[in-house]
Amino acid sequence: MFAWYHYAALTIIYLSDVPHSSKSGALARSAWITRGWTVPEFLAPKVIRFYQQDWTLYLDDHSLNHKESVEIMHELEDATGIDARALVAFQPGMRDAREKLQWASKRVTTVPEDIAYSLFGIFRIQLPILYGENKQNALGRLLQEIVARSGDITALDWVGEPSEFNSCLPANIVSYAAPPCTLPSLHEDEIQTTASSLRNTVAADLALKLYIQLDKMSAPRFANCRLHLPCIAFRVTAQVRQGHGPAQEPAHFTYGVKAHGLHDLEITTKETLVQFVRPTLQTFLLVRPWDRSLLGLPDFAELHDFGDDTQGEHVDRPMLGCSVEQEPVDSESHSRALQLIVRLGQPFGAFLLAQQHSGEYKRIASDCAIIAQVRDVTSIPDMIDVRILEIL
C-alpha cells in the first residue's frame, strides 16, 4: 500500500466530515486524522490534495500540491506530532523507529491487525498479511522485524501490558504514546573530563578489555518468538514489598529492590510477585539492553542488516570470562574505554526479568519506567556482567 501511494501521480484525500468553507483547524478535527491507514496515506505520496465533503478544496487552496502549502502542513504537523519536513519528504526505513511507533500509537483501525499492517511500508518491511492472527501477533511480528533488522532497541522502551507474542514487546501500540523517559546525560566535553579523572583509578587493561567485549557484541535477534538480547545484567539480591500503589489502583504493588552494583530503587507493578515476598531460588535480573551508541560509534541500523543473522549464537552466556584479543593500551584506546565507562555510569532504563523453570527469562511489566544507576563508576570494569539472554 505504501508503494502504491508513493508512486501515484496524485493522492486525493476526501474529508467527509469537513464542511464547505471550513477554516484552518477543521482538518485536525476530522475523523480522518485518527485512522491508522491514513499515516501512510499522507506520508508516502509526493503530491496530495485535500477535499472537503462537497468536493471543494480545503481552505480553498488551489495549489497543485498541498504538501507545498505551509498552512496545511503546519496544521497537519500540529495534529499528528510529525515534523513538517517529514510530512513533505518522508523516507521509509528503520531510522527513529520509536518515534514512528509513537506517530501511530493513538490511531484506530476497524480490523485490529491493521494497526500493525499499516506500518509495514513506513518501516520498509515486507511481511505476510495474516488477517485473523490477532492484534498482538501482528504487532509482535512487526516489532521483532524492526529489532532484528536494525538492532534498534528503542522499540523495547515502553510501559504497559506485555504481549503474549513476547514479554519484551507491548500488547498494544498505545504503549508507545508516551515519549521515552528523558534521562540526564553529560555533554561530550564533560564525558572527556570525567574520563580523564578516572585514569588513575581504573586499570587501563580492564577498561580496554570491557570496551573490546562490548564492541564485539552482536545485535539482538528473534527466533521462534524468543528474543536473544545482548545486555548488561545486574542480579537482584533483595526485594521487599512495600505496599499498595496509588489508592485508585489497589491491585498495584510497590517493591523495594536491591541489585548488585546498583543504587536501590522501587518498582511498581500490578503483578503479585509472591516470590518477592517469600524466599525462593528463582533468579531475578535487572538488565540494561546493550546500546551500541554507548561506544560513540554509529548505530547498527547505519552499518548492517542483521535480520537473517541467526547463526553461532549461545544464550544466557556470561561474556566477561571469554577470551578477548587485547590491543596495545595506547592513550587513544584508553580514552575511548574510559569514556565508555563514564557513559555506563549514567542513569539508564532497565528491565526486570524473572528466570523461568526452563532457564529462559520473562520481562515483568512495570507501571513506569525503571531508572537505574551504577553505584560506583570505578567498579564497572570489575562488576559488569555482559550476557545474551533468551527472553520468552
Side-chain angles (χ1 to χ4, degrees), residues 153 181 183-218 229-240 255-267 283-297 316-355 361 369-389:
I153 61 171
C181 181
L183 299 174
S185 60
L186 299 176
H187 296 294
E188 282 303 309
D189 56 342
E190 294 175 306
I191 290 175
Q192 293 177 15
T193 300
T194 307
S196 296
S197 70
L198 297 178
R199 283 187 173 273
N200 297 325
T201 55
V202 176
D205 56 338
L206 292 179
L208 185 59
K209 179 181 178 181
L210 177 60
Y211 184 97
I212 295 171
Q213 287 177 317
L214 291 173
D215 187 28
K216 291 179 179 292
M217 288 290 282
S218 61
L229 181 69
C231 62
I232 299 171
F234 302 89
R235 188 181 181 92
V236 174
T237 57
Q239 56 281 319
V240 179
Y255 299 87
V257 175
K258 295 180 182 292
H260 177 64
L262 298 180
H263 289 289
D264 296 348
L265 48 83
E266 292 184 350
I267 296 173
T283 297
F284 289 87
L285 299 176
L286 278 170
V287 301
R288 177 178 193 161
W290 170 236
D291 180 359
R292 189 171 175 79
S293 68
L294 292 170
L295 295 171
L297 301 173
D316 193 12
R317 66 170 185 258
M319 301 295 290
L320 280 181
C322 64
S323 176
V324 177
E325 293 183 10
Q326 290 275 11
E327 298 179 357
V329 185
D330 58 50
S331 178
E332 183 179 353
S333 298
H334 192 193
S335 294
R336 289 201 312 268
L338 291 176
Q339 288 173 31
L340 169 64
I341 289 173
V342 173
R343 294 187 184 99
L344 290 174
Q346 299 306 298
F348 62 92
F351 304 159
L352 177 62
L353 300 181
Q355 190 171 33
Y361 289 82
I370 301 174
I371 307 302
Q373 187 172 15
V374 172
R375 184 181 293 112
D376 179 10
V377 175
T378 62
S379 69
I380 286 178
D382 294 310
M383 53 84 67
I384 218 79
D385 183 6
V386 183
R387 305 191 192 187
I388 296 177
L389 298 178

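Positions are given from 1 along the sequence. Computed from a prediction, not measured in an experiment: that's the story for all the values here.
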Could you measure the distance from the CE atom of Met383 to the CG atom of Leu262? Nearest 0.5 Å is fine.
6.0 Å
Non-hydrogen atoms of Gly296 and Arg343 that approach each other most closely:
N-NH1, 4.2 Å
Check for a donor-acceptor pair, side chain of Gln355 on one end and backbone N or O of Phe284 on the other, with a separation under 3.5 Å.
no
Given side chain to side chain contact (heavy atoms under 4.5 Å, CB included), test Arg235 with Asp385 step by step and report yes or no.
CA-CA 9 Å; Arg235 188 181 181 92; Asp385 183 6; over 6 Å; no
One should read off an interatomic distance between Cys181 SG and Ile370 CD1, to the nearest 0.5 angstrom, of 11.5 Å
State the CD-OG1 distance between Gln339 and Thr193, to the nearest 0.5 angstrom.
10.0 Å
How many angstroms lie between atom CG of Leu265 and atom NZ of Lys258, to the nearest 0.5 angstrom?
10.0 Å
Return the minimal non-hydrogen interatomic distance between Leu340 and Leu295, and the atom names on each side.
CD2-CD2, 4.0 Å
Can you check whether Ile384 reaches Leu214 side chain to side chain, under 4.5 Å on heavy atoms?
no
Once rounded to the nearest 0.5 Å, what's the spacing between atom CD1 of Ile153 and atom CH2 of Trp290?
9.5 Å
Which atom names give the shortest non-hydrogen contact between Leu286 and Ala259, and what distance separates them?
CD1-CB, 3.8 Å
Asp376: salt bridge (charged side-chain N to carboxylate O under 4.0 Å, His left out) partners, not counting sequence neighbours:
none
Which heavy-atom pair separates Val374 from Phe348 by the least distance, and what is that distance?
N-CE2, 4.4 Å
Euclidean distance, Ser379 OG relative to His260 NE2, rounded to 0.5 Å:
7.5 Å
Ile232 vs Arg387, side chain to side chain contact (heavy atoms under 4.5 Å, CB included): CA-CA, chis, key distance, verdict:
CA-CA 6 Å; Ile232 299 171; Arg387 305 191 192 187; over 6 Å; no
Write down the atom of Pro230, the atom of Met217, and the distance for their closest heavy-atom approach.
CB-CE, 3.2 Å
Between Val236 and Leu352, is there a side-chain heavy-atom distance shorter than 4.5 Å?
yes
With a 4.5 Å limit on heavy-atom distance, are the side chains of Arg288 and Leu344 in contact?
yes
Shortest non-hydrogen contact from Val202 to Pro381?
CG1-CG, 3.7 Å
Heavy-atom side-chain proximity of Tyr211 to Ile341 below 4.5 angstrom
no
Would you say Ser331 and Arg199 make side-chain contact, with heavy atoms under 4.5 Å?
yes
Side chains of Leu210 and Gln213: closer than 4.5 Å at any heavy-atom pair?
yes
